[in-house]
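Below is one structure, written out as structure tokens, with a few remarks after it.
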Amino acid sequence: MADQGITPRSEDYSRWYLDVIAAAELIDSSPVRGSMVLRPHGYAIWEAIRADLDRRFKETGHVNAYFPLFIPQSFLSREAEHVEGFAKECAVVTHHRLRAAEGGGVEPDPAARLEEPLVVRPTSETIIWHMYGRWINSHRDLPLLINQWANVVRWEMRTRPFLRTAEFLWQEGHTAHATRAEAEEEARRMLGVYRDFCVETLAIPVLPGVKSASERFAGAEDTYTIEAMMQNGWALQAGTSHFLGQNFARAFDVTFQNEQGEREYVWATSWGVSTRLVGAAIMTHSDDTGLVLPPRVAPIHVVLVPIWRGASQKAQVLDFARRVGAALSRRFSVEIDDRDNMKPGAKYFEWERKGVPLRMEIGPRDVAKNSVFCKRRTGGDKFAIEVGDLGEAFLDAVGRELDRIQAELLARATALREARTFRVEDYAEMKARISEEPGFYLVPWHDDAEAEAAIKAETRATIRCFPLAGQEEARGRRCFYSGRPATHMAVFARAY
RNA sequence: CGGGGAGUAGCUCAGUCUGGUAGAGCAUCGGCUUUGGGAGCCGAGGGUCGCAGGUUCGAAUCCUGUCUCCCCGACCA
């Protein structure tokens with residue numbers, strides 16, 4: 001293993017993020033610009049996220065399905081705003097066969113040009129609503145609550161591992177409802193599911209809110225968001241949920257017969273989170289030593305490092321470690337690092353880099369005391385846990401340590417966000433501070449797209465959202481920019 | 001897509017200016033010795049110098065093109 005120097009956050013935050021990812025062997029770059037290879041340790045984090053969310057989706061009545069990767073080009077033009085939003089970043093398939101090229105290699109066979117080009121999905125509203133048109137006839141077919149786990153492609157100009165890649169993994173929920181109220185409720189319900197997931201599972205505090213018109217999803221009437229704050233004070237949109245009105249129903253002519261026998265357009269929502277969440281977790285919790293992961297998504301919960309001197313100790317220590325490991329495996333994901341070509345200290349550094357929440361050192365002294373010597377990835381002194389008869393009491397004790405780590409991470413992230421959330425009354429103050437003190441700037445705001453654009457040009461900060469909570473504070477106040485009566489409370493921040 | 005930087009062994013890099021046929025440390029493999037916070041000794045393997053053209057007797061080195069990565073912008077989950 002090469003030297004895994006990690007640039008300190010204080011020196012270069014972007015570099016630090018890339019170093020952490022490389023040192024933990026989460027991803028590798030691929031030969032194609034902007035597409036990343038998810039290595040086993042990185043993919044395992046996504047698998048944990050997916051398993052947890054999938055359970056939450058099913059608990060709220062959704063079912064999974066799978067729609068095709070390829071979308072007929074003509075579908076993208078059906079909804080005017082939608083095409084405008086995505087046209088610039090679509091990959092298009094034009095041929096279905098290669099042939100040998102002159103001078104070696106291969107090239108698309110001109111004789112195999114597709115009659116209609118196929119777009120690699122940047123999102124699936126169009127093909128899904130095409131299908132919904134065939135499935136929905138009566139109010140008895142509604143609501144239709146479908147989710148899919150898939151990859152999508154958006155040909156981004158600038159990419160960043162996990163946070164923005166040309167191809168990424170995500171889930172997209174697409175629901176159809178009989179009434180506006182029901183669809184709006186669904187969009188908000190799923191935002192709540194995302195919020196709960198981020199807080200409970202990823203230990204990331206998030207701010208739920210509504211997007212301003214300029215940040216709204218292409219084709220949506222309302223876009224809801226959860227905004228997270230990274231350690232450098234920048235905002236990251238961690239998930240979105242859209243109330244799509246009847247836009248896609250009209251574009252794809254999806255109607256249903258209501259109880260009075262009248263035909264009506266269907267009301268829609270869509271909502272998604274992506275592998276960006278892995279990046280959010282990394283950026284929120286990791287430190288200058290390397291990756292830190294919340295136990296609930298850590299691929300390995302506990303690593304056991306046996307320590308011995310001489311062959312007889314080795315046999316004794318390994319036997320004990322394996323019995324402890326077997327017991328822990330009943331409830332946790334466990335790794336026993338019995339490599340004999342590495343000293344214990346080197347192993348500690350390696351597992352810390354990889355973000356394993358809890359380490360147990362097992363040497364002759366621990367065997368004699370029937371305990372394990374533990375260290376939490378979040379810090380603190382080493383401490384012993386009695387293993388007893390390797391029963392439930394031991395597992396409970398280990399579980400409490402993991403819960404404690406989970407809670408510590410959430411508390412730290414919450415404290416950082418609170419320390420970096422600023423209430424500001426006038427624009428000059430934000431403009432002066434935001435470079436040196438990046439964070440969430442909560443301000444009274446008179447909604448105005450031009451003013452928003454002007455602020456972005458001057459400060460590079462954008463409206464991340466109008467928080468769902470606390471909008472009543474805007475009443476009777478003046479916009480921090482224009483002085484006009486405030487229509488909203490807005491959060492401005494630099495964003496990824 | 002514009003501006004800047006970088007691609008040489010698994011990793012970090014030297015060699016490029018001044019063209020002469022590839023090097024170090026770490027990692028890897030074998031052996032011995034080690035193991036409570038980044039081990040030591042001995043030996044070995046490993047590179048069409050990102051790729052494609054060009055100049056030249058000869059190219060990692062000079063020229064042109066191209067791809068990928070990183071940083072800064074504009075665009076975006």
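Just so it is clear, the model here is predicted, and its values are computed rather than measured. Sequence lines set the chain letters: A, B, ... in the order given, protein chains first and strands last, and positions in each chain run from 1.
- Of the C1' atoms belonging to B:C1 and B:C75, the separation is 9 Å, rounded to the nearest Å.
- With a cut-off of 3.5 Å on both pairing distances, B:G37 has no Watson-Crick or G-U wobble partner at all.
- Within 3.5 Å, a donor on the side chain of A:K382 pairs with an acceptor on the base of B:G37, or the reverse.
- Using a 4.0 Å heavy-atom distance criterion, A:L163 is classed as a base contact.
- In this structure, A:R359 is positioned above the aromatic face of A:Y348, its NZ or CZ under 6.0 Å from the six-membered ring centre and within 45° of the axis.
- Residue A:R33 places no side-chain N or O under 4.0 Å from the OP1 or OP2 atom of B:U68.
- Of all nucleotides listed (B:C72, B:C75, B:G37), B:G37 comes nearest to the side chain of A:E361.
- The A:S29 side chain lies nearest to B:C69 when the options are B:U35, B:A77, B:C69.
- Between the side chains of A:Q171 and A:R50, not a single donor N or O lies within less than 3.5 Å of an accepting N or O.
- Rounded to whole angstrom, the span from the CH2 atom of A:W234 across to the C1' atom of B:A77 amounts to 16 Å.
- Of the candidate nucleotides B:G36, B:G38, B:A77, B:A77 has the atom nearest to the side chain of A:R276.
- Residues A:K375 and A:A238 both approach RNA chain B. Their nearest nucleotides, taken by heavy-atom distance, put A:K375 toward the 5′ side.
- A cation-pi arrangement is absent between A:R121 and A:F70, since the terminal nitrogen or guanidinium carbon is not both under 6.0 Å from the aromatic centre and inside a 45° cone about the axis.
- The nucleotide whose nearest atom lies closest to any side-chain atom of A:K343 is, among B:G36, B:C75, B:C72, B:G36.
- A:K211 comes within contact range of no nucleotide atom at all, as no heavy-atom separation falls under 4.0 Å.
- Judged by centroid separation below 5.5 Å and plane tilt below 30°, A:F349 stacks onto the base of B:G38.
- In this structure, A:L236 places its CG atom 13 Å from C1' of B:C76, rounding to the nearest Å.
- Using a 4.0 Å cut-off, no side-chain N or O of A:K88 falls inside it from OP1 or OP2 of B:A74.
- Minimum atom distance to the side chain of A:A346 is reached by B:A39, of the listed B:A39, B:C70, B:C1.
- Remark: the separation of the C1' atoms in B:C62 and B:C17 is 11 Å, to the nearest Å.
- Each of B:U35, B:C70, B:C71 was ranked by its minimum atom distance to the side chain of A:S14; first place goes to B:C71.
- Separating the CZ atom of A:R339 from the P atom of B:U34 is a distance of 21 Å, rounded to the nearest angstrom.
- With both pairing distances under 3.5 Å, B:A27 is matched to nothing as a Watson-Crick or G-U wobble pair.
- The local environment of CZ in A:R99 is crowded, with over 12 non-hydrogen atoms from other residues, nucleotides or ligands closer than 6.0 Å.
- In this structure, A:G279 reaches neither bases nor backbone, as no heavy-atom distance under 4.0 Å exists between it and the strands shown.
- Residue-level contact check: A:F373 touches the bases, meaning some heavy atom is under 4.0 Å from a base atom.
- Put simply, the side chain of A:E352 and the base of B:G37 share a donor and an acceptor less than 3.5 Å apart.
- Across all strands shown, B:C62 forms a Watson-Crick or G-U wobble pair, both distances under 3.5 Å, with B:G54.
- Ranking B:C70, B:A77, B:C75 by closeness to the A:R154 side chain, first place goes to B:A77.
- For A:F440 and A:W234, the distance between ring centers is not under 6.0 angstrom.
- Nucleotides B:A44 and B:G20 place their C1' atoms 29 Å apart, quoted to the nearest Å.
- Between B:C72 and A:R158, a contact under 4.0 Å exists linking OP1 or OP2 to a side-chain N or O.
- Pair check for B:A22 finds none; no Watson-Crick or G-U wobble contact set falls under 3.5 Å.
- For A:Y348, the listed nucleotide lying nearest its side chain is B:G36; candidates were B:G38, B:G36, B:C76.
- Looking at A:H62, its side chain does come within 3.5 Å of a backbone N or O of A:F57 through a donor-acceptor pair.
- Remark: B:G46 base-pairs with no nucleotide; criterion is Watson-Crick or G-U wobble with both hydrogen-bond distances under 3.5 Å.
- Across all strands shown, B:A9 forms no Watson-Crick or G-U wobble pair with both key distances under 3.5 Å.
- Of the candidates B:G36, B:U35, B:C76, B:U35 carries the atom nearest the A:D340 side chain, counting heavy atoms from C-beta on.
- B:C75 makes up no base pair with any nucleotide shown, lacking Watson-Crick or G-U wobble contacts both under 3.5 Å.
- Of the P atoms belonging to B:G15 and B:A24, the separation is 15 Å, rounded to the nearest Å.
- For A:R164, the listed nucleotide lying nearest its side chain is B:A77; candidates were B:C72, B:U35, B:A77.
- Going from the C1' atom of B:A27 to that of B:C13 covers 14 Å, rounded to whole Å.
- For A:I307 and B:A39, the CD1 to C1' distance is 15 Å, given to the nearest whole Å.
- Side-chain N or O atoms of A:Y496 include none that pairs as donor or acceptor with a backbone N or O of A:Q237 at under 3.5 Å.
- Within 4.0 Å of A:T240, counting heavy atoms only, lies no atom of the nucleic acid at all.
- The same atom, P, is picked in B:U48 and in B:A60; the two are 12 Å apart, to the nearest Å.
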